[in-house]
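From a predicted model like this one, the values you see are computed outputs, not experimental measurements. Chain naming here is simple, since letters A, B, ... match the order of the sequence lines and numbering starts at 1 in each.
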2 protein chains.
Amino acid sequence: MNLPPLIQSFVLHFGEMGSHWGINRTVGQIYALLYVSDRPLNADDIVEAIGCSRSNTSMALKELQAWRLVKLQHLPGDRREYFSTPEDVWAIFKTLAEERQKREVEPTLTMLRGAIMETPAGEAERHAQARMNEMYQLIELVTKWFADIRDMDVETLEKLMKLGSQVGKVLQFTQSLGRLAGRDSGKED
Amino acid sequence: MNLPPLIQSFVLHFGEMGSHWGINRTVGQIYALLYVSDRPLNADDIVEAIGCSRSNTSMALKELQAWRLVKLQHLPGDRREYFSTPEDVWAIFKTLAEERQKREVEPTLTMLRGAIMETPAGEAERHAQARMNEMYQLIELVTKWFADIRDMDVETLEKLMKLGSQVGKVLQFTQSLGRLAGRDSGKED
DNA sequence: TCGAATTTTCAGTATTTTCTGAAACTTTGA
DNA sequence: TCAAAGTTTCAGAAAATACTGAAAATTCGA
């Protein structure tokens with residue numbers, strides 16, 4: 001690996017971090033490299049920078065594309081494929097959230113739904129089913145909320161986040177207003 | 001593995017899911033088993049249920065304890081250690097968020113802070129640093145917000161989540177009120 | 001259609017991670 | 001202090017995952 005020290009430490013960190021996230025080292029490193037690069041890179045640039053094999057690079061890029069985390073583009077007068085990451089960090093964050101939702105949360109919800117439908121045989125299963133239902137309700141609530149939040153525009157989202165826990169007070173205040181006006185401002189269960 | 005089918009599919013699913021999360025299969029399975037169990041289990045109960053070795057169970061339980069995801073307790077008149085998960089799914093969710101924050105987010109923020117402090121040598125490093133700063137700001141914002149949210153009581157949290165994206169409208173409305181009253185209701189940068 | 005440039009696949013190898021059984025250690029009651 | 005019950009450690013085996021180089025496939029201009 002032959003990179004400016006600042007970039008190198010970033011790339012190495014993401015490589016290590018990958019393992020905590022079920023992502024392999026090369027994939028993490030390549031993503032980090034593209035993220036900080038000031039121009040799109042082709043596969044050979046990446047091999048040169050990271051020091052992995054050409055085929056490994058190809059695999060890793062395919063995976064990053066499957067995650068929609070890198071964009072493929074062509075430069076005029078060059079047949080090679082160039083890769084870059086989206087500029088907007090919020091967009092990246094949203095993509096990541098969507099993909100994790102699809103790959104990890106959805107299958108779990110499906111499994112839970114199936115289990116909750118079954119008729120329990122005996123007390124152990126009955127209790128297990130009740131627990132699964134608690135988990136299901138929580139995941140579904142958080143998931144829907146995340147989806148709502150994802151679809152907010154970044155401006156509003158940033159305001160909301162900066163407001164932090166004060167939003168609780170705002171909420172209570174608004175609900176009082178709603179009651180005064182004779183309607184409930186929140187969704188019903 | 002010798003479990004009622006409903007529980008077995010839950011346990012197996014969490015085992016598989018583990019790999020996507022950088023958690024090993026046995027750890028995932030044991031957690032799932034404890035989560036749905038209607039009583040605390042000791043290590044031998046777990047070996048019996050999951051079908052792994054005693055030592056593997058010991059390792060996995062240690063890891064789950066390090067994550068604060070299982071509670072250790074003793075039953076009167078029994079020397080063995082019994083394990084269970086917290087009842088409250090919200091508490092579990094919060095613990096998970098806190099631990100991931102500590103293990104994955106903090107180290108990344110530290111690395112980014114270090115890199116951003118450095119004096120860039122050349123244009124590539126300057127650009128990389130700017131990108132790292134964007135990432136840093138985003139992570140810090142989301143992180144602080146999460147911490148705020150974690151500390152809200154569950155009642156308020158559920159209301160907020162059920163409100164969903166409508167919170168954006170509430171927010172804008174409240175800010176108008178704030179302006180009318182001659183002050184800003186949000187935190188400053 | 002050919003052939004040069006480029007990308008992808010894949011079988012085998014290397015590395016890493018997980019798991020086990022045996023031994024060491026700890027705790028507790030007598 | 002001893003012995004029984006229980007837990008943890010650890011070196012090596014087994015399994016899973018990542019990586020490579022060579023060969024196959026694809027793309028595209030002439």
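- When distances are taken from the side chain of S53(A) to each of dG21(D), dT20(C), dT7(C), the shortest belongs to dG21(D).
- H74(B) has its NE2 atom 10 Å from the C1' atom of dG6(D), to the nearest Å.
- If you take CG of N56(B) and P of dA15(D), they are 14 Å apart, rounded to a whole angstrom.
- Residue K62(A) places none of its side-chain N or O atoms closer than 4.0 Å to OP1 or OP2 of dT7(C).
- Considering only side-chain atoms of R80(A), the nucleotide from dT7(C), dT20(D), dT8(D) that sits closest is dT7(C).
- Under 4.0 angstrom from either OP1 or OP2 of dT7(D) there lies no side-chain N or O belonging to S58(B).
- Atoms CD (E81(B)) and P (dT28(C)) sit 10 Å apart, rounded to a whole Å.
- Regarding D44(A), its CG atom lies at a distance of 12 Å from the P atom of dT8(C), rounded to whole Å.
- Side-chain atoms of Y35(B) come within 3.5 Å of backbone N or O of R131(A) as a donor-acceptor pair.
- The hydrophobic cluster around Y82(B) extends to L75(B), counting ILVMFWY residues whose side-chain heavy atoms fall within less than 4.5 Å of a member.
- The base of dG21(D) sits with one of its N or O atoms less than 3.5 Å from a complementary donor or acceptor on the side chain of S55(A).
- A donor and an acceptor atom, one from each side chain of N56(A) and S53(A), are nowhere located under 3.5 Å apart.
- Where Y82(A) and R25(A) each meet DNA chain C at their nearest nucleotide, the meeting point lying more 5' is that of Y82(A).
- Comparing R54(A) and S19(A) against DNA chain C, the residue whose closest nucleotide sits nearer the 5' end is R54(A).
- Taking the side chain of R79(A) as heavy atoms from C-beta on, and the options dC28(D), dT8(D), dG6(D), the nearest nucleotide is dC28(D).
- Of the candidate nucleotides dC19(D), dC19(C), dT6(C), dC19(D) has the atom lying nearest to any side-chain atom of N24(A).
- The local environment of CD in E155(A) is sparse, with at most 12 non-hydrogen atoms from other residues, nucleotides or ligands closer than 6.0 Å.
- Straight-line distance from the CD atom of E16(A) to the P atom of dA18(D): 14 Å, rounded to whole Å.
- For M59(A), counting side-chain heavy atoms from C-beta on, the closest listed nucleotide (dT8(D), dC10(C), dC19(D)) is dC10(C).
- Following rounding to the nearest Å, E63(A) (CD) and dT9(C) (C1') show an atom-to-atom distance of 16 Å.
- One atom, CE of M1(A), and another, P of dC19(D), lie 11 Å apart when rounded to the nearest Å.
- Rounded to whole Å, the distance from CG on N42(B) to P on dT8(D) is 12 Å.
- Note that OH of Y136(A) is 9.5 Å distant from OG1 of T143(A), once rounded to the nearest 0.5 Å.
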